[in-house]
Amino acid sequence: MKRLDAAQICEINITPLTDVFLVLLIIMMIVTPMMDFGGLPLGISASDTRTPVTTKDKKPLTIDVTKGGTFEISGVEIPRPILAAELSSRMEGSPDIAVRVHPEASYEALVVALGAIYQTGVVRVNVYQED
């Protein structure tokens, strides 16, 4: 038979639980400021047009994202590091910008092009795929 006078230990060690919560708190403190970036506001139209939409009867500045992930403006290849500067120098006033993407181009190249556009301050972008 068991002895009844032996006391049972009825305590819970909360130190590991506290450690887990502190680690989760630190992760949330690091990740939360990164979630503030809203990105480039893109409107997706319901139309099935494959040509860029123009406003004010101006032809938009077109950036081509090629299959190899390179960028071309008016047929001239632009290196990735100077894409934003080149866009800024070619903008007249604040024209619309169109991004023509090759079907086999990488998403990374498209994101780089949109990031360069965002750096120039343009907020209206038309993205469409080459035929």
Side-chain angles (χ1 to χ4, degrees):
M1 279 203 142
K2 276 185 158 182
R3 287 181 31 174
L4 296 176
D5 61 347
Q8 290 183 343
I9 299 175
C10 296
E11 296 177 9
I12 297 174
N13 186 2
I14 63 165
T15 303
L17 181 65
T18 306
D19 290 344
V20 169
F21 282 130
L22 287 174
V23 168
L24 289 175
L25 178 67
I26 291 169
I27 290 172
M28 290 300 171
M29 289 172 62
I30 293 171
V31 171
T32 303
M34 294 179 200
M35 295 173 63
D36 274 345
F37 179 69
L40 183 64
L42 296 176
I44 299 176
S45 64
S47 66
D48 192 24
T49 60
R50 299 228 178 230
T51 57
V53 178
T54 60
T55 58
K56 304 174 198 166
D57 296 329
K58 285 185 175 180
K59 186 175 179 183
L61 180 63
T62 304
I63 304 168
D64 293 317
V65 180
T66 64
K67 180 179 178 179
T70 59
F71 308 100
E72 293 180 358
I73 300 175
S74 302
V76 178
E77 186 173 330
I78 308 297
R80 187 177 286 199
I82 64 165
L83 182 61
E86 187 67 28
L87 285 172
S88 295
S89 68
R90 289 184 183 231
M91 289 185 346
E92 298 169 3
S94 59
D96 293 337
I97 293 184
V99 180
R100 184 172 41 207
V101 183
H102 189 276
E104 296 179 21
S106 68
Y107 287 118
E108 177 190 1
L110 176 60
V111 169
V112 168
L114 292 175
I117 293 168
Y118 181 77
Q119 288 177 357
T120 63
V122 174
V123 293
R124 291 187 51 137
V125 178
N126 184 10
V127 180
Y128 64 100
Q129 184 176 355
E130 283 183 0
D131 290 332

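All values below were derived from every heavy atom in this structure, side-chain atoms included, with hydrogens, water molecules and symmetry-related copies excluded. For this chain, numbers begin at 1 and follow the sequence in order.
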- Query: Taking everything shown except I12 itself, do over 12 heavy atoms lie less than 6.0 Å from its CD1?
  - Reply: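 No, CD1 of I12 has 12 or fewer neighbouring heavy atoms, counting only those of other groups under 6.0 Å.
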- Over 12 foreign heavy atoms within 6.0 Å of CG, L24: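 It does: L24 CG has more than 12 such atoms within range.
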- Message: Show, in sequence, the C-alpha distance, side-chain angles and deciding distance for Y128 and T62, and conclude whether the side chain to side chain contact (heavy atoms under 4.5 Å, CB included) test is met.
- Response: CA-CA 11 Å; Y128 64 100; T62 304; 4.2 Å; yes
When you group the ILVMFWY residues by side-chain heavy-atom contacts below 4.5 Å and let the links chain together, are [Y] and [X] in the same group?
| X | Y | answer |
| --- | --- | --- |
| V111 | V122 | no |
| F71 | V76 | yes |
| L17 | L25 | no |

- Sub-3.5 Å donor-acceptor pair from the side chain of T70 to the main-chain atoms of T66, do we have one?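 No, because the side chain of T70 does not come within donor-acceptor range (under 3.5 Å) of the backbone of T66.
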- Counting only N and O atoms by type, is there a donor-acceptor contact under 3.5 Å from the side chain of T120 to the main-chain atoms of I117?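 Side chain of T120 to backbone of I117, a donor-acceptor pair under 3.5 Å: yes, one is there.
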- Item | Of all pairs that satisfy salt bridge (Lys or Arg N to Asp or Glu O under 4.0 Å), the ones with a partner from residues 65-77, not counting sequence neighbours |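 Listed once each, the pairs are K67-E104.
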How close do [X] and [Y] get, counting heavy atoms only, and between which atoms?
| X | Y | value |
| --- | --- | --- |
| M28 | T32 | O-OG1, 2.6 Å |
| P103 | Q129 | CB-NE2, 2.9 Å |
| P33 | I30 | CD-O, 3.4 Å |
| A84 | Q119 | CB-OE1, 3.1 Å |
| R90 | S74 | NH1-OG, 3.8 Å |
| A113 | L83 | CA-CD2, 4.0 Å |

- Query: CG/N13 to OG1/T18 distance, rounded to the nearest 0.5 angstrom?
  - Reply: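 One gets 8.5 Å once the value is rounded to the nearest 0.5 Å.
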- Could you walk me through whether I78 and L87 pass the side chain to side chain contact (heavy atoms under 4.5 Å, CB included) check? CA-CA 10 Å; I78 308 297; L87 285 172; over 6 Å; no
- Message: Test side chain to side chain contact (heavy atoms under 4.5 Å, CB included) on I97 and M91; report intermediate values, then the result.
- Response: CA-CA 9 Å; I97 293 184; M91 289 185 346; 4.1 Å; yes
